[in-house]
Amino acid sequence: MPEWPEMDTYRRLLSPLVCGHAIEAVEVNREKTINEPVGEFQAALTGRKVLFVERRGKHLLFHLDDGNRLLLHLMLGGWLYYGPRPEKEDSTYQVVLTFDDGNRLFFGGLRLGYLHRLSAKSALEKLKDLGPDPFDSRLTPEAFAKRLGARRGKLKPTLVDQKLVSGIGNCYSDEICFDAEVLPTASIPDLTEETKLRLYRSMRKVLEEATTNGGYMDRKFTEDDTYVGGHDDRVRVYDREGEPCPRCGSPIRLEIVSSRKMFFCPACQKDR
DNA sequence: AGGAGTACCCGGACGC
DNA sequence: TGCGTCCGGGTACTCC
């Protein structure tokens, strides 16, 4: 669920809180979340300092002072919470890291999500197929149009393909198509050059706006947090079946395409 | 190539 | 309130 804006919001908020701090304790309540026996994981992480936090697509990479990395993917339903105490005492968290300043980083809702301890090399190997970041300066409008134009499928499945561009998921692919006034089911070979450039502008605009608003996560990040999730009620079409299109007033339609939800305005989004 | 199907997982939503 | 059932979502894999 968390996509580019949500993960980048976490990265931005987390960096000043954990960078330069050492991990003092490691709690693992779900062994499947990690990639080695709990004891080894705890022993390897205890005393390690976080140098910086990097986002790659929908992943977060915690760079540790021994050269290794913690690779996080929240998949569906995962979230982060940071503070001296858990959000609710009876909440269950799959992993909890305690830092040397008494604060803790809680990893919650990790069902399919994971937190893996990897060497720098194997972390790179794991992420090698990720496409460019949407805001990579080398990804010019022309480069994006060319990359997209090399595909032959439908627009939405291609936008959520992490090999095209990394970080776009089910929600923002619909938001981008809506902003660009193209149907998510449009066939890429039928798109005009102008539409591909419009998709590029919409991609950057939609992701940037959502990130500025704090993404759509529905959980607080810290106890007094009122920022994270601020974009949730600004989403234009996703999860708004039947509501009037913000552009033309027609009811937003929901269709299932290859078992994923797709929200769009049938009136003002076109097929090329 | 791309698209369809499927497994993974379990909190939370829903039904009674 | 309580118990059972089912769903969703990103990714990785298979197969056509």
Side-chain angles (χ1 to χ4, degrees), chain A residues 1-10 28-35 55-61 71-81 86-96 106-116 118 122-131 133-134 146-177 183-191 207 210 215-220 229 231-232 235 237-241 254-263 271:
Chain A
M1 251 172 142
E3 307 174 35
W4 200 102
E6 290 69 41
M7 296 313 287
D8 206 63
T9 298
Y10 277 144
V28 178
N29 300 309
R30 179 179 177 272
E31 194 157 2
K32 280 185 180 176
T33 299
I34 61 175
N35 60 330
R55 183 196 46 71
R56 293 268 270 121
K58 303 175 192 173
H59 306 257
L60 281 191
L61 272 167
L71 178 66
L72 171 71
H73 198 308
L74 295 176
M75 296 287 256
L76 58 136
W79 78 91
L80 298 178
Y81 185 80
E87 186 177 5
K88 298 185 194 103
E89 280 305 330
D90 59 351
S91 293
T92 57
Y93 300 92
Q94 286 71 45
V95 178
V96 183
F106 300 88
F107 298 79
L110 297 181
R111 285 173 257 176
L112 300 180
Y114 54 85
L115 182 68
H116 286 181
L118 299 168
S122 39
L124 273 180
E125 171 65 21
K126 183 128 188 178
L127 302 176
K128 70 173 169 27
D129 290 332
L130 279 187
D133 191 84
K146 193 177 168 189
R147 238 182 135 71
L148 185 62
R151 303 298 195 99
R152 273 176 279 136
K154 286 182 175 150
L155 185 53
K156 181 183 170 86
T158 306
L159 286 176
V160 301
D161 183 347
Q162 301 302 295
K163 294 198 269 301
L164 179 84
V165 165
S166 55
I168 297 172
N170 211 31
C171 171
Y172 291 112
S173 57
D174 284 355
E175 295 296 304
I176 292 165
C177 290
L183 287 166
T185 48
S187 167
I188 293 171
D190 293 341
L191 298 178
L207 296 180
Y216 61 54
M217 296 301 293
D218 57 1
R219 283 180 181 269
K220 292 200 288 187
H231 192 64
D232 194 40
V235 169
V237 289
Y238 194 79
D239 242 346
R240 296 197 182 278
E241 184 190 12
L254 161 65
E255 277 180 28
I256 307 294
V257 170
S258 58
S259 71
R260 30 182 4 136
K261 284 182 178 178
M262 171 182 74
F263 297 87
D271 62 7

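Here is how names work: the chains are called A, B, and so on, in the same order as the sequence lines, proteins then strands, and each is numbered from 1. Worth knowing before you read on, the calculation uses all heavy atoms, side chains too, and leaves out hydrogens, waters and symmetry mates.
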Rounded to the nearest angstrom, tell me the gap between atom [atom1] in [X] and atom [atom2] in [N].
X	N	atom1	atom2	result
A/Tyr114	B/dA7	OH	P	21 Å
A/Ile168	C/dG9	CD1	C1'	17 Å
A/Asp161	B/dG3	CG	P	10 Å

Among [options], which nucleotide has an atom closest to any side-chain atom of [X]?
X	options	answer
A/Arg152	B/dG2, C/dT11, B/dC8	B/dG2
A/Arg219	B/dG12, B/dC10, C/dG9	B/dG12
A/His73	C/dT11, C/dG9, B/dG2	C/dT11
A/Pro157	C/dG8, C/dT11, B/dG3	B/dG3
A/Arg260	B/dC10, C/dT11, B/dG2	C/dT11

For A/Glu125, the salt bridge (Lys or Arg N to Asp or Glu O under 4.0 Å) test, sequence neighbours excluded, returns A/Lys128
In a table with atom names and distances, give each donor-acceptor pair under 3.5 Å that connects a side chain of residues 163-173 of chain A to protein atoms at least two apart or in another chain.
unit_1, atom_1, unit_2, atom_2, d
A/Ser166, OG, A/Gly131, O, 3.1
A/Ser166, OG, A/Pro132, O, 3.4
A/Asn170, OD1, A/Lys156, NZ, 2.9
A/Asn170, OD1, A/Arg260, NE, 3.2
A/Asn170, ND2, A/Tyr238, OH, 3.4
A/Asn170, ND2, A/Lys261, O, 3.3
A/Tyr172, OH, A/Glu6, OE2, 2.7
A/Ser173, OG, A/Lys156, NZ, 3.0
A/Ser173, OG, A/Gly169, O, 2.9
A/Ser173, OG, A/Asn170, O, 3.0

Pairwise 5' ranking along DNA chain B for A/Gly109 and A/Met75, keeping only the more 5' one
A/Met75
Base, sugar-phosphate, or nothing for A/Tyr93, non-hydrogen atoms under 4.0 angstrom?
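Since no nucleic acid heavy atom lies under 4.0 Å of A/Tyr93, the category is nothing.
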Is A/Asp218 close to A/Trp79 at the side-chain level, that is, under 4.5 Å between some pair of heavy atoms?
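Counting from C-beta outward, A/Trp79 and A/Asp218 never come under 4.5 Å.
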Check: A/Asn35 and A/Leu118 side chains under 4.5 Å, non-hydrogen atoms
yes
What distance separates A/Met7 CE from A/His59 NE2, expressed to the nearest 0.5 Å?
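Between A/Met7 CE and A/His59 NE2, I get 9.0 Å after rounding to 0.5 Å.
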Side-chain donor/acceptor of A/Arg111 to base of B/dC10, under 3.5 Å
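A donor-acceptor contact between them is present.
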Got a minute to check which stems DNA chain B is part of, using Watson-Crick or G-U wobble pairs under 3.5 Å, three or more consecutive?
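Only these stems qualify: B:2-16 with C:2-16.
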For A/Lys32 and B/dC8, is the shortest distance between a side-chain N/O and OP1 or OP2 below 4.0 Å?
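No, no such contact exists.
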